[in-house]
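Worksheet for the structure shown next.
As the structure is a computational prediction, the values presented were derived from the model and not from experiment. Side-chain atoms are counted along with the backbone in the values below, which use heavy atoms only and exclude waters and symmetry mates.
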Amino acid sequence: DSLLIRYNATGSTAYKYIMVNTGTAVSKAISGLSPGTSYSWTIHTYCSGGQSGAYSPTSTFTTSGCQNISGLSTSNITGTSAKLNWSSVSSDSILIRYNRTGSTTYSYLVASSGSVNTTLSGLTAGTSYSWTAHTYCSGTQSGAYASPISFTTPIVCNTPTTSATTGITSTSATLNW
């Protein structure tokens, strides 16, 4: 006899299966789970002769720790600002770390719980930046930093908004803007 355990992140249809080769086992440790995530699981038996029992009632549990942040993207990039975006995640806050690409000097920004974006301002036009983020939960716990992503602020060419001509003579003029 053997047992088949089926589990997934609650709400997901991506199931994982574990076969336990003895029908007398009463527990099985699983690993590779994501922190701060709710899981559902159920189990059923495979008996000799190809018979199987019904799945047990579904049980749930939530792993400890902070969820890892994901879905990083950058939008609305101007010469001096950029909108930093991420997927919704359960946490007390989000810590954003950014720098000029290639620099080892970092700046930090904290976004509030429930937010999915923030605007980074005071940037320099024509400069490449990298950023990443991670979650904070329960004071000192934190999720892992996401893989950093990069963006470049465009070079801004200012167009004069006014023009005037002064000092006009028969052979010269002064152009002003």
Side-chain angles (χ1 to χ4, degrees), residues 4-20 27-43 55 57-161:
L4 181 66
I5 301 168
R6 180 182 77 184
Y7 69 98
N8 64 310
T10 302
S12 168
T13 57
Y15 293 100
K16 294 187 179 180
Y17 296 89
I18 300 173
M19 183 67 75
V20 180
S27 66
K28 173 68 176 170
I30 59 174
S31 59
L33 305 176
S34 296
T37 302
S38 176
Y39 288 89
S40 300
W41 69 280
T42 186
I43 188 168
Y55 274 106
T58 300
S59 295
T60 61
F61 65 93
T62 301
T63 54
S64 62
C66 259
Q67 289 181 324
N68 290 329
I69 200 163
S70 64
L72 272 56
S73 67
T74 310
S75 62
N76 300 349
I77 302 167
T78 71
T80 59
S81 67
K83 185 175 181 182
L84 311 181
N85 311 288
W86 53 88
S87 298
S88 179
V89 64
S90 177
S91 68
D92 292 335
S93 62
I94 308 290
L95 179 67
I96 297 158
R97 181 182 79 185
Y98 67 97
N99 65 320
R100 289 178 186 226
T101 302
S103 170
T104 57
T105 302
Y106 297 97
S107 297
Y108 297 87
L109 179 67
V110 176
S112 62
S113 171
S115 63
V116 293
N117 61 58
T118 193
T119 299
L120 195 57
S121 58
L123 304 177
T124 303
T127 304
S128 179
Y129 291 89
S130 295
W131 72 279
T132 184
H134 73 79
T135 55
Y136 268 124
C137 300
S138 303
T140 59
Q141 293 182 3
S142 65
Y145 271 111
S147 295
I149 64 169
S150 298
F151 66 94
T152 300
T153 54
I155 295 173
V156 178
C157 294
N158 294 324
T159 302
T161 56

Using modelled atom types and a 3.5 Å cut-off, is there a donor and acceptor pairing between side-chain atoms of [X] and backbone atoms of [Y]?
X: Ser59; Y: Trp41; value: no
X: Gln67; Y: Val89; value: no
X: Thr37; Y: Pro35; value: yes

Among Asn8, Thr62, Thr60, Leu33, which residue satisfies the side-chain contact (heavy atoms from CB on, under 4.5 Å) criterion with Tyr39? Leu33

Among Thr153, Thr101, Thr152, Ile155, which one satisfies side-chain contact (heavy atoms from CB on, under 4.5 Å) with Thr127?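 Exactly one candidate clears the test, Thr153.
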
Give, for atom [atom1] of [X] and atom [atom2] of [Y], the distance between the pair rounded to the nearest 0.5 Å.
X: Ser142; Y: Asn68; atom1: OG; atom2: CG; answer: 9.0 Å
X: Asn117; Y: Ser88; atom1: CG; atom2: OG; answer: 11.0 Å
X: Asn76; Y: Thr119; atom1: CG; atom2: OG1; answer: 7.5 Å
X: Ile94; Y: Leu84; atom1: CD1; atom2: CG; answer: 12.0 Å
X: His134; Y: Ile96; atom1: NE2; atom2: CD1; answer: 10.5 Å
X: Tyr17; Y: Arg6; atom1: OH; atom2: CZ; answer: 5.5 Å

Among side-chain atoms of [X] and [Y], is any donor-acceptor pair under 3.5 angstrom?
X: Ser70; Y: Trp86; result: no
X: Ser81; Y: Ser121; result: no
X: Thr135; Y: Ser91; result: no
X: Ser130; Y: Ser150; result: yes

Restricting to non-hydrogen atoms, name the atom on [X] and the atom on [Y] that form the minimum distance, rounded to 0.1 Å.
X: Ala133; Y: Leu72; result: N-CD2, 4.1 Å
X: Cys66; Y: Gly143; result: CB-N, 3.4 Å
X: Gly71; Y: Ser87; result: CA-OG, 3.5 Å
X: Ser34; Y: Thr63; result: O-OG1, 2.6 Å

Passes side-chain contact (heavy atoms from CB on, under 4.5 Å), Leu4 versus Tyr55? Steps please. CA-CA 9 Å; Leu4 181 66; Tyr55 274 106; 3.7 Å; yes

Before you tell me yes or no, could you show the steps for Asn85 and Ser75 under side-chain contact (heavy atoms from CB on, under 4.5 Å), namely the whole-Å CA-CA distance, both residues' side-chain angles and the distance that decides it to 0.1 Å? CA-CA 8 Å; Asn85 311 288; Ser75 62; 3.1 Å; yes

Answer yes or no on whether Arg97 is positioned over the face of Tyr106, meaning its NZ or CZ is under 6.0 Å from the six-membered ring centre and within 45° of the axis. yes

Side-chain touch [X]/[Y], heavy atoms, less than 4.5 angstrom:
X: Ile30; Y: Ile18; value: yes
X: Thr42; Y: Pro57; value: no
X: Thr74; Y: Trp131; value: yes
X: Ile5; Y: Lys28; value: yes
X: Thr78; Y: Pro154; value: no
X: Asn99; Y: Thr105; value: no
X: Thr124; Y: Arg100; value: yes
X: Leu95; Y: Tyr145; value: yes

side-chain hydrogen bond (donor to acceptor under 3.5 Å, both in side chains) assessment of Thr10 paired with Ser38: CA-CA 6 Å; Thr10 302; Ser38 176; 3.0 Å; yes

Apply side-chain contact (heavy atoms from CB on, under 4.5 Å) to Leu120 and Leu109, showing your working. CA-CA 9 Å; Leu120 195 57; Leu109 179 67; 4.2 Å; yes

